[in-house]
Amino acid sequence: MAQLDLVFQAQRVVTSAGEAARCVGVRGGVISAIEPLDHDLRGTRTVRLDDEVALLPGLVDTHVHVNEPGRTEWEGFASATRAAAAGGVTTILDMPLNSIPPTCTVRALGLKRAAAAGQCHVDVGFWGGAIPGNLEQLRGLHEAGVFGFKCFLLNSGVEEFPYLTAGELEEYLAVLSGFGALMIVHAEDSDVIERAPAPAGGRYADFLRSRPRAAENIAVANVIEAARHTGARVHVLHLSSSDAVPAIVSARRDGVQVTVETCPHYLFFDAELVPNGATQLKCCPPIREADNRQELWRALADGVIDCVVSDHSPSTVDRKCLDTGDFGTAWGGISSLQVGLSAVWTEAHARGFTLVDVVRWMADGPARIAGLRRKGRIELGAQADFCIFSPDQAYLVDPGRLHHRNPLTPYAGQTLAGVIRETWLRGEPVSGEQPTGRLISRAEP
Ligand SMILES: [Zn+2]
């Protein structure tokens with residue numbers, strides 16, 4: 001057997017199948033050997049981890065808004081991927097909107113890739129956009145390697161990314177099902193939001209009333225029915241309303257191909273505790289009440305929610321309107337890429353979940369949904385992406401130590417459990433200096 005380039009020896013190697021003491025050997029950036037720890041496997045470089053430290057697969061975050069080109073001052077590829085690496089994330093998939101142009105044509109995808117090239121510290125792939133008028137582009141974008149398509153069912157927050165009507169959604173799904181592509185959906189219903197009181201002022205309770213659970217519940221039901229009718233695969237983004245969970249359970253029982261994600265902030269914060277004017281916590285759909293959060297955790301435990309991804313959606317600090325604290329005018333988006341793992345681990349650990357659960361939700365789960373067969377798991381043939389994680393340590397979130405372009409986050413000042421010690425990409429440590437991330441495409445081996 002040829003020499004291994006690298007071997008990790010660790011008391012705690014975590015995969016979604018379990019945790020065990022293992023030697024993990026890497027050759028050519030790929031996991032090539034997994035043996036019991038007492039086999040004392042060695043490589044050109046051998047790293048023995050401290051016993052309390054866990055070797056996790058690098059996390060896969062399929063919901064990141066990078067915003068470059070066009071709104072690079074909100075977030076760019078260099079800063080986002082540096083933050084990802086610092087947070088134990090080795091693969092991100094970039095959302096098609098908030099950059100200009102949005103990724104709705106093959107040409108725009110080319111601009112995205114050109115903007116990203118040479119400055120990524122972790123691997124980066126792209127979602128395409130589905131907007132009125134770009135039906136003809138979907139096949140080309142699919143063949144150019146996007147991982148699927150994102151659409152909205154209501155105002156997206158940026159004018160260059162309009163939403164699909166119910167009829168358009170079905171039409172687009174029918175096309176996507178023809179080549180097996182995934183549609184990922186921002187599921188809030190436009191009519192329900194229109195009829196709700198408009199958000200204005202600094203009271204969080206008023207903002208919450210402007211984005212009622214019903215908007216999500218109805219939209220999720222509509223997406224399910226459209227998927228049932230067309231046979232397309234759909235994925236519900238950032239589920240916040242736990243009331244929508246039974247509809248998902250029932251659809252799956254019927255064989256509808258629907259997957260679901262939620263985000264760290266819905267699992268960490270409670271509406272009742274959001275101070276008035278705290279617009280750093282504004283996101284859509286909104287953070288809801290404590291009982292709702294409890295139900296989201298239950299849905300994770302039951303396997304109804306497949307994964308937890310950041311929805312890292314920053315803007316410049318001025319757009320968060322912290323000076324006025326007005327939830328009506330503030331940008332809706334939460335910045336959390338670097339701290340997502342610790343935020344989820346803090347709550348998960350307190351609730352009796354293990355690192356095996358967290359890896360299933362934040363590495364293996366998102367990788368599976370995106371079709372990344374060699375990411376997010378420690379197994380033979382997978383890419384040697386790792387997060388070296390110290391679960392028993394804690395830290396205070398200091399915005400000054402975040403690599404996000406705009407270091408504003410609602411986690412500032414929170415003490416979180418779990419310190420990311422190092423991140424490795426394809427068998428090499430990510431230093432934050434020389435960018436070694438690659439641009440990845442769907443259907444790569
Ligand atoms: Zn988003």
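Atoms within each ligand, like the ligands themselves, are counted from 1 in listed order. In this chain, residues are counted from 1 in sequence order.
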Quiz item: Mind checking whether Phe269 and Tyr411 have parallel, tilted or perpendicular rings, split at 30° and 60°?
Solution: tilted
Quiz item: Is the Zn ion (ligand 1) under 2.8 Å from any N, O or S atom of His65?
Solution: yes
Quiz item: Which N/O/S atom belongs to Asp311 and is the closest one to the Zn ion (ligand 1)?
Solution: OD1
Exercise. To the nearest 0.5 angstrom, please state how far the CG atom of Asp61 sits from the CD atom of Glu261.
Key: 8.5 Å
Quiz item: Looking at the Zn ion (ligand 1), is one of the N, O or S atoms of His63 less than 2.8 Å from it?
Solution: yes
Practice problem: Determine the sole option in Thr90, Val122, Val66 for which the side-chain contact (heavy atoms from CB on, under 4.5 Å) test with Thr81 is passed. | Solution: Val122
Exercise. Write out all pairs satisfying salt bridge (Lys or Arg N to Asp or Glu O under 4.0 Å) with one or both partners inside residues 286-301, taking only residues at least two apart or from two chains.
Key: Arg213-Glu289, Arg213-Asp291, Glu216-Arg288, Asp270-Arg293, Arg293-Glu347, Glu295-Arg298
